[in-house]
Amino acid sequence: MSTRTIKVDYLARVEGEGALHIKINDGRVAGVQLQIWEPPRFFEAFLRGRHFTEAPDITARICGICPVAYQMSSVHAMEEALKVKVEGPLRSLRRLLYCGEWIESHALHLFMLHAPDFLGYEDSLQMARDHPDMVKLGLQLKKVGNELVALLGGREIHPINVRVGGFYKVPAKEELAPLAERLKWARDAASQTVAWVGGLPFPEYEADYEFVALRHPEEYPLNEGRLVSRRGLDIPVKDYEKYFQEEHVPHSHALHSTLKSRDQGRGPYLVGPLARYNLNFDRLSPLAQEAARQAGLGPECRNPFQSIVVRAVEMLHAVAEALGLIAAYEMPDAPAVPVAPRAGVGCACTEAPRGILYHRYRLDEAGLIQEAKIVPPTSQNQKSMEGDLAQFVAGHLDLSQDKLTWQCEQMIRNYDPCISCATHFLNLRIERA
Amino acid sequence: MPRKKRPKLAVWKFASCDGCQLSLLDCEDELLAIAGELEISYFVEASRAVVKGPYDLSLVEGSIAAPHDVPRIQQVRRISKFVLAIGACATAGGIQGLRNFADVQEYIPLVYARPQYIEALETSTPISGHIQVDLELQGCPINKRQLVEAVSAFLQGRKPVMPAHSVCLECKMRGNICVQVAHGTPCLGPVTHAGCGALCPTYQRGCYGCYGPKETPNTASLSAWLGSRLGMTEPELLRLFRTFNAGAPAFRQESEAHEH
């Protein structure tokens, strides 16, 4: 028997530590393991006994790339437990803050982590030697997103201004004006980005994904909506745990998630930009829809390598959305609605840049957390990632070892995996016989 | 004239959220210039290219919290001329250091269904608990301006300009009204290391100590004040000092003083 191994011991240009190990026996894929050796940090354990007001600051520390997502899911879950509703300008400011995180996170992944693969560079600094204008444009787009987060949140990483009930301090309308000017530049830059990534060479590959995302009656989803899927799931977020289940496998410190479907038992599913786009194309701003069409993307896209185009489209949408929110903003009378502790259970799901992020908390009458459950997007995607790798490798066994290894890494980067989040998660090895 | 050989930079990650090394990529205006002055030789989050060590400057993010990281940090020291520990995880054990106050064996089943697959140390400890560290930058997350200053100082062979005073002083410099005295909002500003620019009080909330203790902090006096004047209870004081820098000695001792 001949055995071939593809292995990458420390997967680069992803957030966190993981490895890939693929074993090929006699020309057949015998096993795919995404290994996550990021040390576990036990957030759900030490949240027990903490006060509900601490959850947004503590859970932000799960991820330095998408802290706003953790803050948004935690405050919405707490507000459900405490029977509080945040509406009007405070709701708009939360959306605006989330737009900032989408812009900086998508720009980081697109320009710094993902685009170099398509053009054959090992990193964006190498890419900058031949494409200095696009790299500089990418850095400035990222900066605009960060400026938005820093203005509303106090700083880019682990913002300090988010609380259960709203904010500590809200900006006056005129404070947002300089940002609107920067966002107008970003709107053109993001349009240019969509056109640029639309012209990249994409490996041929499609998969029959079960996409899962939030869906809102009017908006492209951020903080609210029902959970829907391509194969007909349509449930309120409070039913999440009835349909989605986590399991623990030996090769990973990240829990794997599966979705129960009526006819096919439990299976993998996909969250993130590709899922949101396929399920919510009609909710994108007209500008983003038009840019997508011009870049050759229809309302349906099942090639994960094209997720780079979808991220650019979402970045453009987030910029347009932010401009709309700023134009309509009126400063509220108070920075937060009053919140009083009470016993209860609350859950929430929001759309982190990488996909749905679920939080559930149980509180006692003093407002202390008795139980916490957090399901990050990357762990939900692990099974789909392993499935994609098996299918991709099986179709590309003729490639050289170096080329196949690189394309497997690229396949993983399609997902923009965040291992720090998922560890609760990635190391890459491919073994051939 | 031939170009001078650039010093080699490596970036290492241990248990962390990635936020502090992200601060380097967040230097959008300076990044290309930094890459011109330093050869970015090992930075897995940003590049699949690896230039072999030894390295002139190693940035170390994260705490030591898993068995395989104990020999790895020793290896980092062996191949690095200058080790700069960045962030609360690397300088104080981080939020995951909360396990140091509990039994980790009780934690594991709360998160993971099959604890036999988990490899974790009983404690989460700072880098300085394992190797000699040449410079530390406190903060959860670090301030990217301080990072640029530390790297510039390294390149110029001088001491970095790092204020050692408290957040209180930063508040005065910004002209903030004291949230604790004027509004009765509990604030760790008097005992917390400067570096953030007094962000929280500027946003009308109390400092929660994410930059860790300043030099010689009088935590006991602050606790007494918070208890007697603002009516904070013992469990509230314990939680106040036991967050992102729970393992820093001054904060650890203060939180333990409220353990009953």
Side-chain angles (χ1 to χ4, degrees), chain A residues 10-17 37-46 48 50-51 54 57-58 61-65 67 108 112-113 122-126 128 135-136 139-140 142-143 146 154-158 160-161 163 167-169 246-250 252-253 255 335 409 418 420 424, chain B residues 13-23 25-26 28-29 31-32 35 40 43-49 62 65-66 68-69 94-96 98-99 102 104 106-108 110-114 116-121 124 140-141 143-144 196 199-200 202-205 208 210 236 239 243-244:
Chain A
Y10 196 160
L11 193 67
R13 304 211 314 273
V14 300
E15 294 99 6
E17 296 179 309
W37 40 277
E38 176 92 21
R41 297 199 291 148
F42 307 111
F43 277 86
E44 289 151 310
F46 62 63
R48 292 184 173 209
R50 307 298 302 210
H51 198 255
E54 296 182 281
D57 294 320
I58 292 177
R61 267 67 181 188
I62 292 173
C63 181
I65 327 288
L108 169 75
M112 312 294 289
L113 312 182
E122 293 190 299
D123 57 54
S124 62
L125 295 170
Q126 284 183 13
V135 172
K136 283 178 190 160
L139 285 167
Q140 287 307 307
K142 181 169 164 307
K143 191 176 172 192
N146 272 333
R155 63 185 170 199
E156 306 89 330
I157 302 169
H158 306 328
I160 52 90
N161 192 26
R163 70 193 290 188
F167 294 87
Y168 290 91
K169 184 178 178 224
E246 286 182 295
E247 58 185 77
H248 193 178
V249 297
S252 175
H253 282 173
L255 301 171
E409 287 180 48
C418 185
S420 304
H424 199 54
Chain B
K13 177 185 158 56
F14 292 85
S16 68
C17 78
D18 273 36
C20 287
Q21 57 175 315
L22 180 69
S23 299
L25 296 176
D26 273 353
E28 290 97 355
D29 293 329
L31 186 62
L32 296 177
I40 299 182
F43 187 3
V44 180
E45 184 169 315
S47 176
R48 69 194 298 275
H68 63 260
D69 284 339
I95 185 80
Q96 59 274 18
L98 291 179
R99 79 180 69 171
V104 78
E106 288 173 15
Y107 268 15
I108 292 172
L110 296 177
V111 183
Y112 297 102
R114 310 182 70 166
Q116 64 272 29
Y117 301 155
I118 289 294
E119 282 197 347
L121 291 171
S124 167
C140 182
N143 180 326
K144 66 181 183 183
C196 67
L199 273 182
C200 286
T202 307
Y203 279 75
Q204 303 293 318
R205 75 178 285 193
Y208 62 85
C210 71
E236 287 171 338
R239 287 200 302 270
T243 59
F244 314 103

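Below, read A as the first sequence line, B as the second, and so on, with proteins coming before strands; counting in each chain starts at 1.
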Greatest number of heavy atom pairs closer than 4.5 Å to chain B - which of [options]:
options                                : result
A:Leu125, A:Val135, A:Asn146, A:Leu113 : A:Asn146
A:Lys169, A:Gln126, A:Lys143, A:Arg163 : A:Lys143
A:Arg50, A:Glu156, A:Glu54             : A:Arg50

Checking A:Ile157 against chain B: side chain, backbone, both or neither under 4.5 Å from a heavy atom?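 A:Ile157 touches chain B through backbone and side-chain heavy atoms alike.
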
Report which part of A:Leu108 has an atom under 4.5 Å of a heavy atom belonging to chain B: side chain, backbone, both, or neither. side chain

Looking at [atom1] of [X] and [atom2] of [Y], how far apart are the two atoms once the value is rounded to the nearest 0.5 Å?
X        : Y        : atom1 : atom2 : value
B:Arg205 : A:Asn161 : CZ    : CG    : 8.0 Å
A:His51  : B:Arg239 : NE2   : CZ    : 6.5 Å
B:Tyr203 : A:Ile160 : OH    : CD1   : 6.5 Å
B:Gln96  : A:Arg61  : CD    : CZ    : 11.5 Å

What part of [X] lies closer than 4.5 angstrom to a heavy atom of chain A: side chain, backbone, both or neither?
X        : value
B:Ala15  : both
B:Ile40  : side chain
B:Cys140 : both
B:Phe244 : side chain

Got a donor-acceptor contact below 3.5 angstrom from the B:Arg99 side chain to the A:Phe46 backbone?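 Not a single qualifying donor-acceptor pair exists.
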
When every non-hydrogen atom of B:Leu22 is compared with those of A:Gly64, the smallest separation belongs to CD2-O, 3.3 Å

For a side chain to side chain contact (heavy atoms under 4.5 Å, CB included) check, start with the C-alpha distance between A:His158 and B:Cys210, then their side-chain angles and the critical distance, and finish with the verdict. CA-CA 10 Å; A:His158 306 328; B:Cys210 71; over 6 Å; no

Apply side chain to side chain contact (heavy atoms under 4.5 Å, CB included) to residues A:Lys136 and B:Leu32 and explain how you reach the verdict. CA-CA 9 Å; A:Lys136 283 178 190 160; B:Leu32 296 177; 3.9 Å; yes

Count the heavy-atom pairs under 4.5 Å between each of B:Ser47, B:Ser23, B:Gly19 and chain A, then report the option with the highest count.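 That would be B:Ser47.
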
A:Arg41 vs B:Ser124, test: side chain to side chain contact (heavy atoms under 4.5 Å, CB included). Steps then yes/no. CA-CA 9 Å; A:Arg41 297 199 291 148; B:Ser124 167; over 6 Å; no

Is B:Ile95 close to A:Phe43 at the side-chain level, that is, under 4.5 Å between some pair of heavy atoms?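 Result yes, sub-4.5 Å side-chain heavy-atom pair found.
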
Given A:Leu139 and B:Leu25, is the side chain to side chain contact (heavy atoms under 4.5 Å, CB included) satisfied, shown in steps? CA-CA 9 Å; A:Leu139 285 167; B:Leu25 296 176; over 6 Å; no

